Peer 1: 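Following this message is one structure expressed as structure tokens.
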Number of protein chains: 2
Amino acid sequence: MPRRRITQTDVAAMAGVSQATVSFVLNGSTPAGVRISEETRQRVLDAIRITGYTANPAAQRLAGGLAQILGVFTYEATFPRASRDFYGPFLTGIEHAAERLGVDILLFTSAPVADGRRRLTRDGWQRLGVADGCLLLGQHEHRGELQHLLDTNYPFVFIGKRGSDGGRLPYVGADYVGGTVRQIDRLVAHGHQRIGYVGMRGTDQPTLDRVEGYRDAMKAHGLTTRFVELEDVAATAAEIVDQRFTAVVVAPENHPEELADELERRGRRVPDDVSVLLLGQPHHPRRDGRQWSGFSVPREEMGARALYLLSRLVSDDGPRRERERERDARRPAAVTEAELHQILVCPDVEGATVAPPAGAPPGADAP
Amino acid sequence: MPRRRITQTDVAAMAGVSQATVSFVLNGSTPAGVRISEETRQRVLDAIRITGYTANPAAQRLAGGLAQILGVFTYEATFPRASRDFYGPFLTGIEHAAERLGVDILLFTSAPVADGRRRLTRDGWQRLGVADGCLLLGQHEHRGELQHLLDTNYPFVFIGKRGSDGGRLPYVGADYVGGTVRQIDRLVAHGHQRIGYVGMRGTDQPTLDRVEGYRDAMKAHGLTTRFVELEDVAATAAEIVDQRFTAVVVAPENHPEELADELERRGRRVPDDVSVLLLGQPHHPRRDGRQWSGFSVPREEMGARALYLLSRLVSDDGPRRERERERDARRPAAVTEAELHQILVCPDVEGATVAPPAGAPPGADAP
DNA sequence: AGCTGCTAATAATGCGCATCATCAGATTGA
DNA sequence: TCAATCTGATGATGCGCATTATTAGCAGCT
């Protein structure tokens, strides 16, 4: 039959001390000036060993304030059925950080995904409260919901840059601008002049940043920006040929593999005739195993950094700090502005899809 | 500024009722003969809506209620860094089920993965208590830990068949035996006689079940069982050629792709000269895109079914039911034995790696 | 003896919630 | 008219723990 759990009180009884003493021994630190003699300490530890006592986490949390649980809210299904999982690398990083922090991760799956996106409905958002704080992943966030989070001072961190709200939203993002700039630099160093940008217009942050990087870099090199924005991959390939581009930078969602196929079909080989640089992670690995040149997004690190940041925000807002602050109002905020908005470098990927333009002087090969 | 959590007491104050009343309204059922008028009920619900109240799961658990949180414990890292994610499909199914049940999923990431496997240490296993129940994934479970779970009557469900404990462990598994038998049947129907089994010996359940299926099916057809168990893929291929097998069944962890390569190198083509059937999910997609013949493991469904089962166990074992049972000892267990051990069918995959044996009469092609 | 200072421990409190025992008031029955 | 019943709600309690406030005991000093 269900054995009753061993509690601190049981341990205390066996050791001939009070429950409080057991708690002190277990926590080591004694906030007030409480002291425990080495002898008593050993008696308690022995009793713990004999009884096999283990703390009840629910009670610990109730008493302590923090649950040691951090939430993860994804605006789309976390584990999508069809496509390659987008969240996977982030979660890997998050899991790793969670281990190090000793916290558990709560996935908010109770809010249903409707229409491909998960809404932070009243019920859904209320459940956020079960975690000490929350990570937010995905593009399709909802303004009103965010406002609510800000208003209630609920600790959260976005994964992915959020430029829209005047710096009020904490995030850990990737440097798409810088990454894109470096790709252009690379091409120019190889001797390329006619460099096109292939990608659909969009208002999402990565797209805006890629375009910004492209514009800035081209301008800095005194080159003309040329955008190719076509629904059809075949048409895009045709346009590239028509415009006699020697290189293009492509957003990963623009089917680079198919694009390369179409180019080959038109007698242009990659990278011999046209260099193709990918501005971010490819959605699928290449058929022939050779990698795309371009830059990669440090998704695992983003996940980990975001969780660390969240953890800091939480403990700053936590009950202990709360009390400390009441006593000493001058205490500065522990989390600095710089920490609140982190942009991580996107490392270059050497890859196999970049080469000097056809007919370039041999010297241009070695930048 | 300080964001104190909204509690039932706050809600009660706003609605002009007692905390107990709020609790009753929230829980719907009223264990004792307590009644709440519709009007009061609405006032409370309004106050909840306005304040955005959320129950504190720790307190709920401590007080003996349900937190609507189900845990997922994986014996290996949930999101592995390098290899293809093994847990992915399971989690997809789990997430889907969680949505339908309206529960959140707690990943027990606080227990660190040491040596490739996560231990349900003293501390770790404590933390299970936050969730109402828990799903267990992975091969490397630890006996003592499981015993502890059983002793304390904590609700849990294994994903993957567990034959070892005399039917005391609830699980949702896959029918490797039946799947393997059907593969042999398939081959025999095609006219194959010399059918080898390629795979390393092991004590894990899938391996035991594959071997059992192979043995039973070969025996039923009056054929001789032949095992190939070699570390080296090349040696395995050589053995297959030597033994003049016309077909082999292979466990997915035995590098079937490399095996096929080695066979080709020795002048045996798949499937023209040797049919190869895979006993489970391939670890990697095939290079040429054509699928392995064999059977697949319904991992998503396993995840979903396991979560549903766990949900049932939880509500059966919940504090409410507990008390009901005390009053009426004759009440039958709500979860039947059959539900406790579910074996799901592994659907055949047609694939492109099976054919009649070379030199077989044409009629044998159409079973 | 009276006081201070120090060590070692305990009693008491509250975290937020579910639940049991109880109670006030309204309605009914005889 | 007064007890019996029913309705609608409240107060009190405890879950197991962390933490604060308090006490008991004792040595050293004046």
Side-chain angles (χ1 to χ4, degrees), chain A residues 2 4-13 15-44 48 51 53-68 129-130 132 318-320 322-324 327, chain B residues 4-13 15-44 48 51 53-68 126 129-130 132 318-324 326-327:
Chain A
R4 199 175 58 79
R5 276 186 85 131
I6 307 272
T7 72
Q8 285 190 354
T9 308
D10 299 323
V11 174
V17 297
S18 70
Q19 173 264 317
T21 302
V22 175
S23 176
F24 289 137
V25 168
L26 281 171
N27 292 324
S29 70
T30 50
V34 178
R35 279 132 212 287
I36 305 290
S37 71
E38 188 52 32
E39 190 213 321
T40 306
R41 202 184 139 63
Q42 281 307 327
R43 274 217 318 283
V44 170
I48 288 174
T51 56
Y53 163 80
T54 48
N56 177 333
Q60 280 182 309
R61 265 159 235 150
L62 228 209
L66 289 187
Q68 299 298 354
V130 311
D132 301 328
R320 198 157 314 174
E322 208 78 57
R323 254 169 287 139
E324 287 176 16
R327 285 183 209 141
Chain B
R4 197 175 58 79
R5 274 192 78 125
I6 307 272
T7 72
Q8 285 190 352
T9 308
D10 300 322
V11 173
V17 297
S18 71
Q19 175 265 318
T21 301
V22 175
S23 177
F24 288 137
V25 168
L26 281 171
N27 291 323
S29 67
T30 51
V34 177
R35 280 133 210 287
I36 305 289
S37 71
E38 187 52 32
E39 191 212 319
T40 306
R41 201 183 138 64
Q42 281 307 327
R43 273 217 317 283
V44 171
I48 288 174
T51 55
Y53 163 81
T54 354
N56 178 332
Q60 283 181 307
R61 289 293 290 162
L62 188 56
L66 292 182
Q68 297 300 344
Q126 296 307 335
V130 222
D132 301 328
R320 204 156 309 171
R321 286 297 176 107
E322 207 77 56
R323 255 168 290 133
E324 286 176 17
E326 277 167 23
R327 286 184 209 139

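Since the structure is predicted, the reported quantities are computational estimates derived from the model, not experimental observations. A note on names: the letters A, B, ... follow the listed sequences, proteins ahead of strands, and every chain is numbered from 1.
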Peer 1: Nearest-Å distance, CG (Asn27(B)) to C1' (dC20(C))?
Peer 2: 14 Å
Peer 1: On a heavy-atom basis, which atom in Asp10(A) and which in Ile6(A) lie closest, and how many Å separate them?
Peer 2: OD2-CA, 3.4 Å
Peer 1: Nearest whole Å is fine: how far is dT7(D) P from Glu39(B) CD?
Peer 2: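 One finds 17 Å between P of dT7(D) and CD of Glu39(B), rounded.
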Peer 1: Does the side chain of Gln8(A) reach to within under 4.5 Å of the side chain of Leu26(A), using non-hydrogen atoms?
Peer 2: yes
Peer 1: Rounded off to whole Å, could you give me the CG-to-P distance for the Asp10(B) and dC15(C) pair?
Peer 2: 11 Å
Peer 1: Rounded to whole Å, how long is the line connecting atom CG of Leu62(B) with atom P of dT19(C)?
Peer 2: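 About 13 Å, once rounded to whole Å.
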Peer 1: Answer yes or no: is there a side-chain heavy-atom contact under 4.5 Å between Thr21(B) and Arg41(B)?
Peer 2: no
Peer 1: With respect to the phosphate group of dC17(C), does any side-chain polar atom (N or O) of Asn56(B) fall under 4.0 Å of OP1 or OP2?
Peer 2: no
Peer 1: If you look at every heavy atom in Leu62(A) and Ala58(B), which pair is closest and at what distance?
Peer 2: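 The answer is N-CB, 4.2 Å.
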Peer 1: Rounded to the nearest 0.5 Å, what separation is found between the OG1 atom of Thr9(A) and the CD atom of Gln19(A)?
Peer 2: 5.5 Å
Peer 1: Once you round it to whole Å, what is the distance between C1' of dT19(C) and CZ of Arg61(B)?
Peer 2: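 After rounding, the gap between these two atoms is 16 Å.
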Peer 1: Whole-Å distance between dG16(C) P and Leu66(B) CG?
Peer 2: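 The answer, rounded to whole Å, is 20 Å.
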Peer 1: Where do N or O atoms of nucleotides 9-12 of chain C meet protein N or O atoms at under 3.5 Å, pair by pair?
Peer 2:
{"from": "dA9(C)", "atom 1": "OP1", "to": "Ser37(A)", "atom 2": "OG", "distance (Å)": "3.2"}
{"from": "dA9(C)", "atom 1": "OP1", "to": "Thr40(A)", "atom 2": "OG1", "distance (Å)": "2.3"}
{"from": "dA9(C)", "atom 1": "OP2", "to": "Ser37(A)", "atom 2": "N", "distance (Å)": "2.5"}
{"from": "dA9(C)", "atom 1": "OP2", "to": "Ser37(A)", "atom 2": "OG", "distance (Å)": "3.0"}
{"from": "dA9(C)", "atom 1": "OP2", "to": "Thr40(A)", "atom 2": "OG1", "distance (Å)": "3.4"}
{"from": "dT10(C)", "atom 1": "OP1", "to": "Ser18(A)", "atom 2": "N", "distance (Å)": "3.4"}
{"from": "dT10(C)", "atom 1": "OP2", "to": "Ser18(A)", "atom 2": "N", "distance (Å)": "3.2"}
{"from": "dT10(C)", "atom 1": "OP2", "to": "Ser18(A)", "atom 2": "OG", "distance (Å)": "3.0"}
{"from": "dT10(C)", "atom 1": "OP2", "to": "Thr21(A)", "atom 2": "OG1", "distance (Å)": "2.2"}

Peer 1: For Ser23(B) and dA18(C), is the shortest distance between a side-chain N/O and OP1 or OP2 below 4.0 Å?
Peer 2: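 Yes, Ser23(B) has a side-chain N/O under 4.0 Å of OP1/OP2 on dA18(C).
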Peer 1: What is the distance, rounded to the nearest whole Å, between atom CD1 of Ile48(B) and atom C1' of dG16(C)?
Peer 2: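 These atoms are roughly 14 Å apart.
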Peer 1: Which is it for Gln60(B) and Leu66(B) under the side chain to side chain contact (heavy atoms under 4.5 Å, CB included) test, yes or no, and what are the steps along the way?
Peer 2: CA-CA 6 Å; Gln60(B) 283 181 307; Leu66(B) 292 182; over 6 Å; no
Peer 1: Within this structure, what is the CG-to-P distance between Leu26(A) and dC17(D), rounded to whole angstrom?
Peer 2: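 Result: 9 Å.
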